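Encoded as structure tokens, the structure appears first; notes follow it.
Reckoned from all heavy atoms, side chains included, excluding hydrogens, waters and symmetry mates. Residue indices begin at 1 and follow the sequence shown. Bear in mind that the values here come from a model prediction, so they are computed numbers and not experimental data.
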Amino acid sequence: MKFARFTVDSKVYSGVVTAGGIQEITGDLFVSWEYTGKVFSREEARLLAPLVPNQIIGIGANFVANKEDLPSELPEIPVFFFKPVSSVIGTEEEIMIPDGTDKVKFESELAVVIGKEAKDVPESEVFEYVFGYTVGNDVTAPSHFHKDGHWTIGKSFDTFTPLGPVIETELDPFSVVVTARLNGVEKQNSPTDLMIIPIPKMISYLSKVMTLKPGDVILTGSPVGAEFVGTQDVIECEIKEIGVLKNVFAGTRMKV
């Protein structure tokens, strides 16, 4: 199923996307929900980010270019980072480049949505805790990285985490391809088997460090090919089974 958040006449709804439109639902997406019987057309609805995350966790440098480049031994401590919920936007919204920042990168990613509380989960049971998947764009301003290697500021600006267009619950994360097109030109195209830390291992590891909650979003890493962008550039991050997450980079009033 494809779950969406959307607005019609400025009112926010949740729904299930079908061939016939978007069927409104009510209730808790992760616990219990039901159809209201109301259906909206795709044309009248403006999609938002498909959820308001509980928290956002990303993993750094998690793709190689070729299978031959996969390391024989995985890192003992993977590089994880947090992104603020305030950085989330949906498809077709503008990504605001901070004033004075001339180097901003897109990073197309498969995003995992946690569906129930997870603590000390073995790798073999990880997918029992996954609700579904969406597309993420881990927008990054490397010029704002701390000189000692801390990434938080460079990944935390408002609008720096586009998510969408929907949450897909029926997906095999091992058989999808993560792509990105910049102004219509393909820049990223990698299957998920080029991940260094596979999804079961990363979620199991995180659950041993912290209790994962419903609505947590885990950005699983970006393929090679991410580039710097500028104002008016159009980025389309896509996983065919989920859809296209499209955004335009724009100037901003944010001062840094």
Do the non-hydrogen side-chain atoms of [X] and [Y] ever get within less than 4.5 Å of each other?
| X | Y | result |
| --- | --- | --- |
| Thr26 | Ser14 | no |
| Val130 | Val113 | no |
| Phe249 | Val104 | yes |
| Val166 | Ile242 | yes |
| Ile57 | Leu212 | yes |
| Pro78 | Ile59 | yes |
| Leu51 | Val88 | no |
| Val234 | Leu182 | no |

Take atom CD in Glu128; do more than 12 heavy atoms of anything else shown fall under 6.0 Å from it?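 Buried by this count: over 12 neighbours within 6.0 Å.
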
For Leu74, I'd like to know if atom CG has over 12 heavy atoms of other residues, nucleotides or ligands within 6.0 Å.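 Count over threshold, so yes.
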
For [Y], is there any backbone N or O sitting under 3.5 Å from a side-chain donor or acceptor partner on [X]?
| X | Y | answer |
| --- | --- | --- |
| Gln188 | Pro223 | yes |
| Thr169 | Met1 | yes |
| Ser207 | Ala118 | no |
| Thr91 | Lys246 | yes |
| Arg5 | Leu48 | no |
| Asn137 | Glu107 | yes |
| Thr101 | Lys103 | no |
| Ser108 | Ala180 | no |
| Ser41 | Glu44 | yes |

Set of ring pair (Phe, Tyr, Trp, His ring centres under 6.0 Å) partners for Tyr13, sequence neighbours left out: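 For Tyr13, the residues satisfying ring pair (Phe, Tyr, Trp, His ring centres under 6.0 Å) (neighbours in sequence not counted) are Phe6, Phe40.
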
Got a sec, which residues hit ring pair (Phe, Tyr, Trp, His ring centres under 6.0 Å) with Phe30, two or more places apart in sequence or on another chain?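 Phe30 satisfies ring pair (Phe, Tyr, Trp, His ring centres under 6.0 Å) with Phe131 only.
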
Taking only residues two or more places apart in sequence or in another chain, which ones pass side chain to side chain donor-acceptor pair (under 3.5 Å) with Thr161?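 In terms of side chain to side chain donor-acceptor pair (under 3.5 Å), with neighbours along the sequence ignored, Thr161 is linked to Lys83, Ser87.
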
Run the side chain to side chain donor-acceptor pair (under 3.5 Å) test against Asp233 and tell me which residues pass, sequence neighbours left out.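 Listed in chain order: Asn183.
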
Side chain to side chain contact (heavy atoms under 4.5 Å, CB included), paired with Glu68, selected from Asn66, Leu70, Val64: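 The side chain to side chain contact (heavy atoms under 4.5 Å, CB included) with Glu68 is passed solely by Asn66 among Asn66, Leu70, Val64.
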
For [X] and [Y], which heavy atoms make the closest approach, and how far apart are they?
| X | Y | answer |
| --- | --- | --- |
| Val126 | Ser204 | CG2-N, 3.8 Å |
| Thr231 | Ala250 | CG2-CA, 4.2 Å |
| Lys116 | Pro214 | CA-CG, 3.7 Å |
| Phe63 | Thr220 | CE1-O, 4.3 Å |
| Phe81 | Gly60 | CE2-N, 3.9 Å |
| Gly243 | Pro165 | C-CD, 3.8 Å |

If Ile, Leu, Val, Met, Phe, Trp and Tyr residues are connected whenever their side-chain heavy atoms lie under 4.5 Å apart, and connections chain through other members, are [X] and [Y] in the same group?
| X | Y | answer |
| --- | --- | --- |
| Leu163 | Leu245 | no |
| Leu29 | Tyr129 | no |
| Leu171 | Leu194 | yes |
| Ile56 | Met210 | no |
| Leu110 | Phe3 | no |

What salt bridge (charged side-chain N to carboxylate O under 4.0 Å, His left out) pairs are there with at least one residue in residues 201-215, not counting sequence neighbours?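 Listed by first then second residue: Glu117-Lys213, Glu123-Lys201.
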
Start with the C-alpha gap between Ile203 and Ile218, add the side-chain angles, then the distance that decides, and say whether side chain to side chain contact (heavy atoms under 4.5 Å, CB included) holds. CA-CA 8 Å; Ile203 295 178; Ile218 300 170; 3.8 Å; yes

Tell me who clusters with [X], hydrophobic residues only, linked when side chains sit under 4.5 Å apart either directly or through other members.
| X | result |
| --- | --- |
| Val224 | none |
| Val85 | Val52 |
| Val31 | none |

Can you see whether Glu24 engages Thr36 through a side-chain donor-acceptor pair at a distance of less than 3.5 angstrom?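 Side chains of Glu24 and Thr36: pair found under 3.5 Å.
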
Examine the side chains of Lys155 and Thr140 and answer whether a donor and an acceptor come within less than 3.5 Å of each other.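 Side-chain D/A pair, Lys155 to Thr140: present.
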
Qualifying residues under side-chain contact (heavy atoms from CB on, under 4.5 Å), relative to Glu93, sequence neighbours excluded: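 With neighbours one apart ignored, the set is Arg46, Ile89, Asn247.
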
Contacts of Asp9 that satisfy side-chain contact (heavy atoms from CB on, under 4.5 Å) - sequence neighbours left out: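 Asp9: no side-chain contact (heavy atoms from CB on, under 4.5 Å) contacts found.
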
Please list, chain by chain and in numerical order, all residues satisfying salt bridge (Lys or Arg N to Asp or Glu O under 4.0 Å) with Asp193, sequence neighbours excluded.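 If we apply the salt bridge (Lys or Arg N to Asp or Glu O under 4.0 Å) test to Asp193, skipping adjacent residues, the hits are Lys67.
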
With sequence neighbours left out, what residues match Glu168 under salt bridge (Lys or Arg N to Asp or Glu O under 4.0 Å)?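 Partners of Glu168 under the salt bridge (Lys or Arg N to Asp or Glu O under 4.0 Å) test: Lys2.
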
Closer than 4.0 angstrom, basic N to acidic O: yes or no for Lys105 and Glu227?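 No, Lys105 and Glu227 are not salt-bridged.
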
Validation row, ring centre Phe106 to ring centre Phe160 under 6.0 Å: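 For Phe106 and Phe160, the ring centres are not under 6.0 Å apart.
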
